Amino acid sequence: MQIEEFIRSTISEGFAELFNASIDAANIRLEATNPDFKGDLTFVTFPYLKISKKNPEQTASDLGNYLRERVEQLKDFNVVKGFLNLELSESYWLDRIRFYQPAILKKNTGRVMVEYSSPNTNKPLHLGHVRNNLLGYSVSEILKYSGYDVTRVNLVNDRGIHICKSMLAWKTWGNNETPESAGMKGDHLVGKYYVEFDRHYKEEIDTLVAGGMAKEKAEKEAPLMKQAQDMLRKWEAGDKETIELWEMMNTWVFAGFRQTYERLGVEFEQTYLESNTYLLGKDIVEEGLEKGVFYKKEDGSVWIDLTADGLDEKLVRRADGTSVYMTQDLGTAEMKYQDFQCEKSIYVVGNEQDYHFKVLFLILKKLGRKWAEGCYHLSYGMVDLPSGKMKSREGTVVDADDLMDEMEETAKIKTEELGKTEGMTDKEKTHLYRALGLGALKFYMLKVDPQKRMLFDPNESIDLQGDTGPFVQYTYARIHSMLRVARQEELNKEYEVSDVRESELNLMKTLCDFEKEVLKAAALYSPSVIANYALNVAKAFNRVYNDVSFLKEHEDEKRKFRLQLALKTSQSIHMLLDMLGMECPERM
RNA sequence: GGUCCCGUAGCUCAGUUGGAUAGAGCAACAGAUUUCUAAUCUGUGGGUCAGGGGUUCGAAUCCCUUCGGGAUCACCA
């Protein structure tokens with residue numbers, strides 16, 4: 001980092017001295033040299049030709065010569081067209097790598113809240129939730145590694161018409177079935193009744209439509225829907241029997257979710273239940289009316305006009321005085337801020353809610369909440385199946401638990417094929433299969449840009465070779481098998497080398513990017529930055545591994561140096577995989 | 001119809017404040033292991049960066065436009 005500062009200021013001086021022109025060192029951009037060319041840093045002269053009054057090549061080579069005399073760490077330079085490529089000396093990189101230590105950075109400060117997962121309690125978690133959970137967890141870890149104090153929050157949607165549907169179906173057709181009697185996870189059992197409701201509901205609609213009713217009307221008039229709405233009213237009125245049923249079924253679901261979360265490896269510091277928060281936001285509506293941000297229509301409903309901001313008019317309270325989604329979210333946002341005072345607040349929610357969050361944040365700003373500036377919707381695309389969209393009501397979903405089962409099974413088969421589990425206990429094996437199966441799944445989902453919708457083909461199992469989680473894990477395990485054999489006294493920083501091979505130099509440079517990449521990932525809330533960097537580290541190491549010997553290197557100094565490289569690579573990988581929520585098996 | 005997102009190799013994807021000849025993995029083909037884990041490494045083939053226009057010394061990247069895919073515009077959450 002510091003070398004770049006120095007080069008920048010020297011370039012600035014060079015412009016003054018060579019071309020009698022003044023440019024601000026802070027505005028000079030140094031880019032990473034394109035790998036096809038020799039060098040580490042590149043200065044592009046094109047924007048400065050008017051000041052230098054010379055052609056690109058001349059400008060670049062004049063500056064190159066100027067720098068070479070003044071920058072000690074500069075080994076050489078070359079000029080291609082108007083690009084001045086600066087090559088730093090090996091001793092510079094050797095110095096850097098000697099003092100390089102991957103660690104939690106202290107670069108960012110302050111509190112950040114990350115809200116993610118946010119499931120409904122009427123059905124089990126599916127592939128879409130998996131993407132959400134992995135993203136939320138990973139972004140939290142990345143933010144922690146960059147220095148933030150992170151609070152993870154789960155806002156569980158445990159009330160509403162959808163839950164009443166499951167409740168009604170269980171009451172009608174359930175015969176008092178319980179997770180124990182059915183031998184099912186609680187969330188799956190409740191989900192089963194949600195599907196059951198939908199089946200009967202569709203039949204009712206079909207019957208009504210066959211009787212000549214319009215489809216839209218039939219959807220509203222179907223007896224089951226009426227009953228479900230009736231149940232919701234009872235719930236809101238606090239009807240004892242309804243509340244008891246609701247509590248029982250929620251208990252089942254929560255027990256199921258707990259298992260799934262644990263297996264996925266995600267955690268939260270705080271869980272909010274919507275049954276407690278759904279009435280929030282009413283005083284904010286009053287405040288908005290007082291401030292003149294909201295207005296009331298004749299029927300008594302309250303709105304905000306956002307047409308001047310290019311959006312629509314939005315309802316914030318119904319005519320009957322009850323809340324809508326927006327009302328609740330305003331209230332919840334306020335409450336979360338009061339509870340934790342986080343200056344940044346990340347909402348990990350699917351991109352079908354882009355509009356909602358745009359409106360939410362805008363309203364908060366208009367209400368004068370300065371912390372609204374720190375609100376960010378981390379929007380991610382849907383996960384598609386080859387057959388199209390997943391629909392839980394129709395049962396065309398990839399269930400999270402099933403998916404994890406399959407991934408672990410695939411990992412098991414592959415590992416057994418390779419025959420590397422000799423001497424491992426059953427417990428260790430199970431642990432390994434889980435680490436690898438979930439590692440593959442997590443890496444697969446996190447290495448792509450969240451914004452993009454992704455296709456998942458359940459018939460084509462996730463690869464374990466190539467650019468995958470197990471590839472990175474393998475590199476780690478491989479290093480560990482070396483470190484196990486290495487003598488303790490060889491693992492120290494007291495080495496003396498002067499010449500390094502191309503592959504080693506490349507690894508050193510790659511490792512030194514750790515801080516830059518973590519900060520970039522944190523700034524962009526993007527686990528894919530970490531995943532792709534982890535791949536680069538692993539690849540750079542594997543190239544060295546195939547190029548030179550470590551333990552069998554005869555020269556002591558070189559052996560010590562290489563072991564240090566291996567050690568630092570493994571530490572880097574461990575931290576990077578931590579950020580992705582992946583485990584690092586020491587054998588595989 | 002309004003708004004927003006996406007479109008890069010056969011497939012899955014990198015490529016972010018505009019930089020050089022657009023990169024990986026999978027799949028295909030050809031190689032590397034008497035040596036530290038071959039879940040590895042090396043190489044070959046594969047591209048109208050959806051199409052067109054513009055801005056710029058320079059565009060996959062920024063602007064306009066057309067096409068294709070998706071979301072959203074609920075007194076559902």
Side-chain angles (χ1 to χ4, degrees), chain A residues 29 31 33-37 42 44-47 49-50 56 80-83 85 118 120 157 159-163 274 278 299 301 303 310-320 322-326 328-329 350-356 358-359 379 381-382 384 389 411 414-415 417-418 420 436 440 444 447-449 451-457 460 462-475 477-486 503 520 523-524 526 528-529 531-532 535-536 538-539 541-553 562-563 566 587-588:
Chain A
R29 286 184 50 198
E31 293 162 23
T33 302
N34 184 315
D36 294 341
F37 298 88
T42 294
V44 185
T45 60
F46 294 112
L49 300 180
K50 280 176 188 153
V80 182
K81 296 185 207 168
F83 297 90
N85 298 322
S118 308
N120 292 343
N157 183 2
R159 64 162 284 281
I161 191 76
H162 46 284
I163 284 122
E274 215 177 283
Y278 82 107
D299 64 358
S301 57
W303 297 73
L311 303 172
D312 304 303
E313 291 188 340
K314 189 83 189 172
L315 178 87
V316 293
R317 193 175 73 190
R318 295 191 184 102
D320 63 8
T322 56
S323 301
V324 290
Y325 182 34
M326 187 58 73
Q328 289 177 45
D329 258 12
N351 64 8
E352 69 274 12
Q353 294 198 39
D354 284 355
Y355 184 74
H356 173 76
K358 211 184 253 184
V359 172
S379 166
M382 297 204 167
D384 282 323
K389 249 178 105 165
K414 181 72 187 173
T415 308
E417 258 174 33
L418 293 169
K420 292 186 182 177
L436 293 176
Y444 176 85
K447 87 171 196 288
V448 317
D449 178 7
Q451 194 75 50
K452 294 187 177 177
R453 54 189 305 152
M454 60 189 295
L455 185 85
F456 179 82
D457 189 344
E460 232 173 80
I462 296 174
D463 282 330
L464 304 179
Q465 280 167 15
D467 284 357
T468 66
F471 168 85
V472 183
Q473 288 170 317
Y474 175 73
T475 309
R478 197 185 224 185
I479 292 172
H480 261 266
S481 80
M482 284 198 307
L483 295 179
R484 269 195 302 273
V485 201
S503 62
K520 185 177 166 194
L524 299 173
S526 178
S528 74
V529 170
N532 286 296
L535 279 177
N536 286 336
K539 280 182 190 173
F541 180 83
N542 286 330
R543 236 169 270 140
V544 177
Y545 189 88
N546 278 275
D547 187 34
V548 300
S549 293
F550 284 72
L551 296 169
K552 301 199 171 166
E553 168 60 50
R562 284 177 191 154
L563 284 171
R587 266 191 66 186
M588 62 183 274

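Remember, predicted model here, so these are calculated numbers, not experimental data. Here is the naming used below: chain letters follow the sequence lines, and residue numbers restart at 1 for every chain.
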- Message: Is there a side-chain contact between A:Ser481 and the phosphate of B:U37, meaning an N or O under 4.0 Å from OP1 or OP2?
- Response: yes
Interface polar pairs with nucleotides 26-28 of chain B, N/O, under 3.5 angstrom:
none

- Between A:Lys414 and A:Leu436, is any pair of side-chain heavy atoms under 4.5 Å apart? no
- Take atom P in B:U3 and the same atom in B:A27, then report the distance between them in whole Å. 44 Å
- Message: At 4.0 Å (heavy atoms only), tell me whether A:Tyr444 reaches a base, stays on the sugar-phosphate, or touches nothing.
- Response: nothing
- Query: Between the main-chain N or O of A:Ser549 and the side-chain N or O of A:Arg562, is there a donor-acceptor pair closer than 3.5 Å?
  - Reply: yes
- Message: Students often get this wrong, so: under 4.0 angstrom with heavy atoms, is A:Ala486 touching a base, only sugar-phosphate, or nothing?
- Response: nothing
- Message: Between B:C5 and B:C11, how far apart are the two C1' atoms, rounded to whole Å?
- Response: 23 Å
- Can you find a heavy atom in the side chain of A:Arg587 that is under 4.5 Å from one in the side chain of A:His480? no
- Item | Integer angstrom distance from the C1' of B:A38 to that of B:A22 | 31 Å
- Query: Now, which nucleotide makes the Watson-Crick or G-U wobble pair with B:U72, with each of the two distances under 3.5 Å?
  - Reply: B:G2
- Answer with yes or no whether the side chains of A:Arg478 and A:Asn542 bring together a donor and an acceptor at under 3.5 Å. yes
- Message: Any side-chain N or O of A:Arg453 below 4.0 angstrom from OP1/OP2 of B:U12?
- Response: no
- Query: How is A:Pro56 classified with respect to the nucleic acid when contacts are heavy atoms under 4.0 Å: base, sugar-phosphate, or nothing?
  - Reply: nothing
- Task: Would you classify A:Met454 as touching base, sugar-phosphate or nothing, given that sugar-phosphate means primed atoms plus P, OP1 and OP2, and contacts are heavy atoms under 4.0 Å?
- Result: sugar-phosphate
- Message: Judged by each residue's nearest nucleotide on RNA chain B, which is more toward the 5′ side, A:Ser323 or A:Lys552?
- Response: A:Lys552
- Task: Sticking with atom P, work out how far B:U40 lies from B:G1, rounded to a whole angstrom.
- Result: 49 Å
- A:Lys81 side chain: which of B:U21, B:C13, B:A39 is closest? B:U21
- Rounded off to whole Å, could you give me the CG-to-C1' distance for the A:Leu315 and B:C73 pair? 14 Å
- A:Tyr545 near the nucleic acid: base, sugar-phosphate alone, or nothing, with a heavy-atom cut-off under 4.0 Å? base
- Message: Counting the atoms with a prime plus P, OP1 and OP2 as sugar-phosphate, which does A:Asn536 contact under 4.0 Å by heavy atoms, base, sugar-phosphate, or nothing?
- Response: nothing
- Message: Counting the atoms with a prime plus P, OP1 and OP2 as sugar-phosphate, which does A:Leu436 contact under 4.0 Å by heavy atoms, base, sugar-phosphate, or nothing?
- Response: base
- Taking atom P in both B:G7 and B:C49, compute the distance separating them and give it to the nearest angstrom. 14 Å
- Query: What nucleic acid atoms does A:Leu524 come within less than 4.0 Å of, heavy atoms only: base, sugar-phosphate, or nothing?
  - Reply: base
- Sugar-phosphate, base or nothing in reach of A:Val44, heavy atoms under 4.0 Å: base
- Message: Looking at A:Arg478, I'd like to know whether one of its side-chain N or O atoms comes within less than 4.0 Å of OP1 or OP2 on B:A38.
- Response: yes
- Nearest heavy-atom pair of A:Leu311 and A:Val359: which atoms, and what distance? CD1-CG2, 4.1 Å
- Message: Is the phosphate of B:C5 approached by A:Lys452 (side-chain N or O, under 4.0 Å from OP1 or OP2)?
- Response: no
- Donor-acceptor contact present, side-chain A:Thr415 to main-chain A:Ala411, <3.5 Å: yes
- Query: Given the C1' atoms of B:U55 and B:A39, what is the spacing between them in whole Å?
  - Reply: 49 Å
- Query: Given A:Asp463 and A:Thr468, is the side chain to side chain donor-acceptor pair (under 3.5 Å) satisfied, shown in steps?
  - Reply: CA-CA 7 Å; A:Asp463 282 330; A:Thr468 66; over 6 Å; no
- Message: Please give the distance between the P atoms of B:U17 and B:G10 as a whole number of Å.
- Response: 27 Å
- Query: Heavy atoms under 4.0 Å, any strand shown: does A:Lys358 hit a base, just sugar-phosphate, or nothing?
  - Reply: sugar-phosphate
- Touch check for A:Thr42, heavy atoms < 4.0 angstrom, all strands: base, sugar-phosphate only, or nothing? base
- Message: Using a 5.5 Å cut-off between ring centres and planes within 30 degrees, is A:Phe83 stacked on the base of B:G19?
- Response: no
- Please check the phosphate of B:U72 (OP1 and OP2 only) for any side-chain N or O of A:Tyr355 closer than 4.0 Å. no
- Sidechain-backbone polar pair: A:Arg317 side chain, A:Ser323 backbone, donor-acceptor under 3.5 Å: no
- Query: Taking for each residue the nucleotide of RNA chain B bearing the nearest heavy atom, is the 5' side occupied by A:Leu464 or by A:Lys447?
  - Reply: A:Lys447
- Message: Check for me whether the distance between the ring centres of A:Tyr325 and A:Tyr355 falls short of 6.0 Å.
- Response: no
- Nearest listed nucleotide, side chain of A:Ala319, among B:C41, B:G23, B:C75: B:C75
- Message: Once hydrogens and angles are ignored, does a donor-acceptor distance under 3.5 Å link the base of B:A39 to the side chain of A:Thr475?
- Response: no
- Task: Starting at atom CD of A:Gln451, determine the distance to atom P of B:C6, rounded to an integer number of angstrom.
- Result: 5 Å
- Task: For A:Arg317, answer base if it contacts any base atom (sugar-phosphate contacts may also be present), sugar-phosphate if it contacts only those atoms, and nothing otherwise; contact means non-hydrogen atoms under 4.0 Å.
- Result: nothing
- Can you figure out which of B:A77, B:G23, B:U37 approaches the side chain of A:Asp36 most closely? B:G23
- Task: Using the C1' atom on both, measure B:C4 against B:C26 and round to a whole Å.
- Result: 33 Å
- Query: If you check the A:Pro470 side chain, which of B:A71, B:U3, B:A39 turns out closest?
  - Reply: B:A39
- Is A:Gln328 touching bases, backbone alone, or none of the nucleic acid, heavy atoms closer than 4.0 Å? sugar-phosphate
- Note on the structure: When every non-hydrogen atom of A:Tyr545 is compared with those of A:Met482, the smallest separation belongs to CE1-SD, 4.0 Å
